[in-house]
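Working notes for the structure below.
Whatever order the structure lists ligands and atoms in, that order sets their numbers, starting from 1. Only this structure's heavy atoms are used, side chains among them; waters, hydrogens and symmetry mates stay out. When a residue number appears, it is its place in the shown sequence, counting from 1.
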Amino acid sequence: MNEVLARSKQPLVLQSPLEVHSAVIRARTCGKRVGLVPTMGALHAGHLSLVHAAKAECDVVVATIFVNPAQFGPHEDFDSYPRSFESDIEALADLQVDLLFCPATAEVYPPGFSTYVDPPDVAKRLEGECRPGHFRGVATVVLKLFHWIPAHVAYFGEKDFQQSLMIEHMVRDVGLPIEMRVCPIVRDQDGLALSSRNRYLSAIERQTALALSESLQLAEDLVRQGICETQIIRTEMRCVLEAQGIRDIDYISICNPQTLEEQSEVHSNVVVLVAAYVGKTRLIDNRRIG
Ligand code: PAF
């Protein structure tokens, strides 16, 4: 009985940056290792895998939920972005997350706010080109979270490959005293990478969306067969997407996983990234090929 009660104990929910900062400093002063899992809520098994990773390495786990307006473009889905606070908090309670920080927008962006982070070079291509301002918004909010929650380790998902790389570069460049962990993509059994935006997909669109992971699988198969010209690989991937009716493709990119420079041939490790619309829903996925 006690175990059940302990397992469903809700995390302490804090909205004030000063309160969360004090709580984390107190934990650190007691010698606790603190892990941070930043999210925008609408939690799925991908987010929960980050919490699992944090629980395995840290004594205290802090999750954050903040749908960050600064990382959405004017015609993007900020208003309709899924918000499911009640079920999110239950999921975090089940995993015994200690603290949940969910600041109000006016706390993160007080009236007159005008200080943004200029993101590092790896943010320029791909998502940076397709979603102008997106990484400026991500870098700004993540820096603020790191500042308010002085954790030892922060956990991000490899699904947002470029985002994680961008934050790693920012941590290095600014000299932030935090370790980064980038955890593997979590997929449904049929291969679809988990994303909060999958909730927008109709049953038919969800089926169509499988073409993204299938195109990445094909890229890997082609490389294994010895095809190293990336132009050929990208063309074959595009065929897989188009065969499923996906024509609105933002990019198919095969690049160096450290610099995100486009490669003309695959000779060493690469990351293959794809972004495309399935109906009105923009999805991204990626795969490392070593
Ligand atoms: O990946 C996300 O959920 C968001 O971009 C993040 C890192 C929480 C910043 O808002």
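Residue T39 has at least one heavy-atom neighbour below 4.0 Å for each of these atoms of ligand 1: 8 (C). Listed by number with element, the atoms of ligand 1 under 4.0 angstrom from any heavy atom of V141 are 9 (C), 10 (O).
More than 12 heavy atoms of other residues, nucleotides or ligands shown are found within 6.0 angstrom of NZ on K55.
For the pair P150 and I25, the minimum side-chain heavy-atom distance is below 4.5 Å.
Of the inter-residue distances, the one linking L145 atom CG with F101 atom CZ reads 6.5 Å to the nearest 0.5 angstrom.
Counting protein heavy atoms only, atom 9 (C) of ligand 1 is closest to Q71 OE1, 3.3 Å.
Considering backbone and side-chain atoms alike, Q163 places an N or O below 3.5 Å from some N or O of ligand 1.
Between A42 and H47, the closest heavy-atom pair is O-CE1, 3.6 Å.
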